[in-house]
Number of protein chains: 2
Amino acid sequence: MAYVYRMIETDIFRALADPTRRAVFERLAGGEMSVGALKAKFAVSQPAISQHLAALKAAGLVVERREGRFAYYRLAPEGLAPLASWVERYRAFWPEKIEKLKDVLKGMDP
Amino acid sequence: MAYVYRMIETDIFRALADPTRRAVFERLAGGEMSVGALKAKFAVSQPAISQHLAALKAAGLVVERREGRFAYYRLAPEGLAPLASWVERYRAFWPEKIEKLKDVLKGMDP
DNA sequence: GATAAACATAAGCCATGACTTATGCGATTC
DNA sequence: GAATCGCATAAGTCATGGCTTATGTTTATC
């Protein structure tokens, strides 16, 4: 009976822990993309992209849309909800000034 | 010149991706703890705990306080700021109703 | 000052992960 | 309908990760 419940947070953290895979996720923030178009943006093989997408999909972070022989992937941002929730839980421990730091960091990112 | 800049997000995601290590972090939310006290809460060896703490510390998620031969660790919740910032960036993509889902999830966690 | 306690570090083991090339499979094109 | 395209899956390789059992190292105890 051990380990009956998989922790979705683990899947999400793991999916986003790899820099390439996280970059794929971030790319998709620009809009829906086919696997081939996505592959063109990275220095890895097509199977590698497919494998990353499968991991992101399993974590609930992207969704697939089939159209003929093409597969289009787009963000499933609601998949981040458990992650946001997890972080939120520890926001209670933050000193007030951290809120400002967070805003600064937000501004820093492209 | 490649890979000069380490991504702090990667360290944070990686640190929290392991269930045991994340559990250690969550434990520390209950308050400062010595390594020995922490070890008593988990079914792993003392070196394993020390290694997890080292990873969390390297990611900026906990801080160490030395007192004689004891080492006390406590949360550095501000270390979550880059993570919160990262999530925040994609909150823009969320549908409105997700905010409610997040609250539900928050209520579910112990 | 020798012993023990609390913790960190070293070294080794085994599983997993991220990548590759090779292959399969449905959809299109000729 | 044979060849090609777009993608997924299989299989293999190499590096990394998390764990273990030693082995320090520093501080307290006798």
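Within every chain, numbering begins at 1; the chains are lettered A, B, ... in the order of the sequence lines, protein sequences first and strands thereafter. No hydrogens, no waters, no symmetry mates; every other heavy atom, side chains included, goes into these values.
With values rounded to the nearest 0.5 angstrom, B:R22 atom CZ is found 5.5 Å from A:E9 atom CD. Taking NE2 from B:H52 and CG from B:L38, the interatomic distance works out to 10.0 Å, rounded to the nearest 0.5 Å.
Straight-line distance from the CZ atom of B:R65 to the C1' atom of C:dC7: 15 Å, rounded to whole Å. Distance NE2 (B:H52) to P (D:dG18): 7 Å, rounded to an integer number of Å. In this entry the distance linking CZ of A:F13 with C1' of D:dG17 reads 18 Å, nearest Å. Distance A:K39 NZ to D:dC7 C1': 12 Å, rounded to the nearest Å. The separation between A:F70 atom CZ and D:dA8 atom P is 12 Å, rounded to whole Å. Atom pair B:E67:CD and D:dT27:C1' shows a separation of 12 Å (rounding to whole Å applied). Atom CD of A:Q51 and atom P of D:dG12 are 15 Å apart (whole Å). The nearest whole Å value for the distance from the CG atom in B:L53 to the P atom in D:dC19 is 12 Å.
Base contact: B:A48 has a heavy atom under 4.0 Å from a base atom. Within the nucleic acid shown, B:F42 has no heavy atom closer than 4.0 Å to any nucleic acid atom. No contact: A:Y72 has no heavy atom under 4.0 Å from any strand.
The shortest side-chain heavy-atom distance between B:L80 and B:F25 falls under the 4.5 Å cut-off. Contact of the B:L75 side chain with the B:V63 side chain is not registered, since no non-hydrogen atoms from C-beta on lie closer than 4.5 Å.
Taking 4.0 angstrom as the limit, A:S50 places none of its side-chain polar atoms (N or O) nearer than this to OP1 or OP2 of D:dC7. Distances shorter than 4.0 Å separate some side-chain N or O of B:S45 from OP1 or OP2 on D:dT20. Checking the phosphate oxygens (OP1, OP2) of D:dA8, a side-chain nitrogen or oxygen of A:Y73 falls inside 4.0 Å.
Counting atom types as modelled, A:Q46 pairs a side-chain N or O with a base atom of D:dA8 as donor and acceptor under 3.5 Å. Within 3.5 Å, no donor on the side chain of A:R69 pairs with an acceptor on the base of D:dC7, nor the reverse.
Along DNA chain C, the nucleotide nearest to B:A71 and the one nearest to A:R14 differ in position, and the one closer to the 5' end is contacted by B:A71. Comparing A:D18 and B:G36 by the nucleotide of DNA chain C that holds the closest heavy atom to each, the one mapping nearer the 5' end is B:G36. Residues A:A54 and B:R21 each lie close to DNA chain D; by heavy-atom proximity, the contact nearer the 5' end of the strand is made by A:A54.
Using cut-offs of 30° and 60° for the angle between ring planes, the B:Y90 and B:W86 rings count as tilted.
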